[in-house]
There are 2 protein chains.
Amino acid sequence: LVALLGSDLPIVQAPMAGTTTPELVAAVSGAGGLGSLGASVLEPDELRAAIRRIRELTDRPFAVNLFAPHDQPEPTDEVVAAVDAVLRPVRQDLGLPEPVRERPLVPPDRFEALLEVVLAERVPVFSFTFGIPPLDDLRTVGVRVLGTATTVAEATQLERAGADAVVAQGAEAGGHRGTFAADFEEAFIGTMALVPQVVDAVGIPVIAAGGISDGRGIAAALALGADGAQLGTAFIPCPESAAPPGYKRAVLAAAEESTIVTRVYTGRPARAIRTPLLERLESSGVEPAPFPAQAALLWDFRSAAAELDRPDLLFLLAGQAAGLSRELPAAELVATLAAEAQEALARQQPARS
Amino acid sequence: LVALLGSDLPIVQAPMAGTTTPELVAAVSGAGGLGSLGASVLEPDELRAAIRRIRELTDRPFAVNLFAPHDQPEPTDEVVAAVDAVLRPVRQDLGLPEPVRERPLVPPDRFEALLEVVLAERVPVFSFTFGIPPLDDLRTVGVRVLGTATTVAEATQLERAGADAVVAQGAEAGGHRGTFAADFEEAFIGTMALVPQVVDAVGIPVIAAGGISDGRGIAAALALGADGAQLGTAFIPCPESAAPPGYKRAVLAAAEESTIVTRVYTGRPARAIRTPLLERLESSGVEPAPFPAQAALLWDFRSAAAELDRPDLLFLLAGQAAGLSRELPAAELVATLAAEAQEALARQQPARS
């Protein structure tokens with residue numbers, strides 16, 4: 001893996017759209033890991049500028065991540081009205097105006113335009129989730145390709161499609177999982193069980209993800225037969241991340257029981273720290289709008305969160321190992337993770353018999 | 001842990017009530033692991049005989065496991081009638097008579113009587129799940145005590161109550177998880193995330209469980225900071241297990257997506273391989289009777305399964321790593337697991353840096 005992706009350490013910083021910054025990516029890559037920019041929320045010009053900024057900061061390899069192209073169905077007026085009705089008392093309490101809904105709620109998918117930037121800029125590694133985009137053009141220009149699987153069948157599909165490596169993402173993972181060829185519930189497989197079964201099924205390198213936030217988890221991933229580990233939540237508290245201070249505090253304060261998987265934030269299952277807003281939406285029984293329109297219906301809460309200093313109005317996406325996170329500069333975190341992983345493995349030597 | 005429990009290897013065979021036998025327990029303990037007898041389904045005389053049989057077969061330490069005392073509420077007639085109505089067409093298809101329901105559906109809890117046998121026989125290790133029974137008498141006579149936790153809070157409660165070690169049981173685990181002081185959904189934490197957080201919270205040894213079915217998983221558990229690993233599903237196919245042949249075949253044929261967590265078998269969430277019977281009960285939307293009465297309502301299917309050679313009528317309890325199981329005699333399986341764990345750790349040497 002390390003040879004394949006060009007990093008020194010088998011540590012991948014997960015692409016968290018909206019939370020990753022060029023500074024975070026460059027700090028991770030500069031420290032020997034593989035930084036990843038979650039780019040699906042960017043405009044093409046923003047992506048180009050971000051890639052160039054990363055390259056100003058480091059000459060080490062890094063990844064750009066996109067959501068694979070996907071339908072973006074518009075919700076019916078009835079669905080929008082039902083969601084708005086649940087939120088009306090909250091908006092009133094906060095003094096937020098009732099939103100005016102313009103169609104389409106979600107702009108057309110920018111995947112093609114963003115991929116053109118990835119190709120033109122010859123990014124070292126392209127990673128993706130939610131499906132399998134066409135990979136030929138990327139491979140032709142020498143971009144390494146990293147797909148995301150949540151089942152064995154998804155991993156083998158990625159291998160057949162030409163992925164250079166696969167992220168095996170277990171149910172502990174924060175935010176959205178990459179499930180694309182399975183029912184979400186059937187694909188709800190813990191990292192400990194998923195990784196060795198994926199390793200046995202594919203010939204390409206496997207990167208374990210989900211529930212890993214310290215070096216012990218990285219060592220465990222390697223013991224399971226993975227070639228590396230991908231950590232997301234662990235990097236949220238870094239000064240280089242774009243997470244608002246309240247989000248960082250929530251991650252640092254989280255316990256192992258703090259998160260649930262919910263569709264109320266984006267329409268697609270995502271693991272997040274419980275908040276009163278999340279629980280109100282969940283307990284309402286109101287069906288969320290389809291992904292990603294549901295996120296657009298809640299957008300004003302994100303803006304209000306900063307203005308009102310109310311982190312509980314944010315989508316606090318985080319995994320089940322959030323409780324292991326620390327507040328360290330990203331480069332220092334990468335070095336700490338590597339040292340911890342070595343120590344965890346060394347503790348087992350001489351091997352028991 | 002090895003010193004504490006007296007076994008040579010940090011490998012615990014999980015107590016699976018109804019599936020473990022004295023022969024399985026003795027074979028595991030004889031091979032250097034810790035065999036565990038799932039005893040809550042036994043009568044006191046049966047337990048005494050089983051303990052004595054284990055001791056005939058091995059002089060190595062072993063564990064006896066009981067469910068902590070728990071309420072056994074009787075379901076209302078309406079609940080029983082609703083469950084029976086869902087099953088009526090299945091019984092008709094199979095030629096099974098409509099069951100005559102006698103009350104109580106479940107005999108009084110035998111915990112006290114079984115614990116007396118454990119004490120009188122001075123079993124080396126007593127393990128338990130579903131709560132915390134009084135431990136003083138056990139500790140007074142020198143029985144080592146092993147509790148089961150599915151959250152950090154449960155683990156710290158067990159430590160305070162005097163447990164000598166704690167099994168940290170992740171969401172991948174087959175059958176019932178031990179959750180006793182948390183909401184089942186909140187306690188649905190993957191092994192990879194749960195184990196290091198429990199390790200950080202308690203001073204007693206931790207045994208990782210859930211999603212571990214080969215030596216790579218054991219090595220990963222040790223890397224996470226656990227002192228050992230508990231495997232259940234991996235031992236179901238052993239010739240020494242009491243699982244009917246169709247259950248063994250189902251485990252060996254399982255994939256990572258084959259199981260779901262369901263209350264339809266016993267009234268308490270349990271992970272099992274999907275069958276048409278399970279799916280009929282799940283999709284009916286009928287509320288199961290409370291634990292353990294629901295199991296009594298389905299008892300005739302278990303008897304019919306053997307008679308009709310229909311393994312799909314059994315409760316095929318299994319974890320998410322069932323796909324890693326092999327059909328080996330228990331002693332050979334223990335030796336294989338130990339060798340695999342060593343190899344998984346050795347592969348990481350020299351440590352990466």
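Naming convention: chains lettered A, B, ... in sequence-line order (proteins, then strands); numbering from 1 in each chain.
Using a 4.5 Å heavy-atom cutoff, the side chains of B:Val199 and A:Arg216 are in contact. Between B:Glu186 and A:Arg274 the shortest side-chain heavy-atom distance falls below 4.5 Å. Between B:Thr191 and A:Thr191 the shortest side-chain heavy-atom distance does not fall below 4.5 Å. Contact check for A:Asp214 versus B:Gln197: no side-chain heavy atoms found under the 4.5 Å cut-off.
In this structure a side-chain-to-backbone donor-acceptor pair under 3.5 Å is present from A:Glu256 to B:Val152. A distance-only check finds no donor-acceptor pair linking the side chain of A:Gln348 to the backbone of B:Leu345 [under 3.5 Å].
Contact of A:Ala255 with chain B is made through the backbone alone, with heavy-atom distances under 4.5 Å. In this structure, chain B has heavy atoms under 4.5 Å from both the backbone and the side chain of A:Gln320. Neither the backbone nor the side chain of B:Val198 comes within contact range of chain A, judged by heavy atoms closer than 4.5 Å.
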*Would B:Ile189 and A:Glu172 satisfy side chain to side chain contact (heavy atoms under 4.5 Å, CB included), going step by step from the backbone distance to the final call?*
CA-CA 7 Å; B:Ile189 302 152; A:Glu172 296 94 328; 5.8 Å; no
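Interface check for chain B: of the options A:Pro196, A:Ser213, A:Gly210, A:Ala171, the most heavy-atom pairs under 4.5 Å are formed by A:Pro196. For chain A, the option among B:Leu324, B:Leu224, B:Ile218, B:Leu194 with the highest count of heavy-atom pairs below 4.5 Å is B:Leu224. For chain B, the option among A:Val261, A:Asp200, A:Ile212 with the highest count of heavy-atom pairs below 4.5 Å is A:Asp200. Counting heavy-atom pairs closer than 4.5 Å to chain B, the top-ranked of the candidates A:Ile260, A:Thr151, A:Asp183 is A:Thr151. Between chain A and the residues B:Ala220, B:Ala208, B:Gly211, B:Ala187, the largest count of heavy-atom pairs under 4.5 Å involves B:Ala220.
Closest of all the heavy-atom pairs between B:Gly225 and A:Arg347 is CA-NH2, 4.2 Å. Between B:Ala223 and A:Ala344, the shortest heavy-atom distance links the atoms O-CB, 3.5 Å. Considering all non-hydrogen atoms of both residues, A:Ala321 and B:Ala193 come closest at N-CB, 4.0 Å.
Other residues, nucleotides and ligands contribute at most 12 non-hydrogen atoms within 6.0 Å of the CD atom of A:Glu185.
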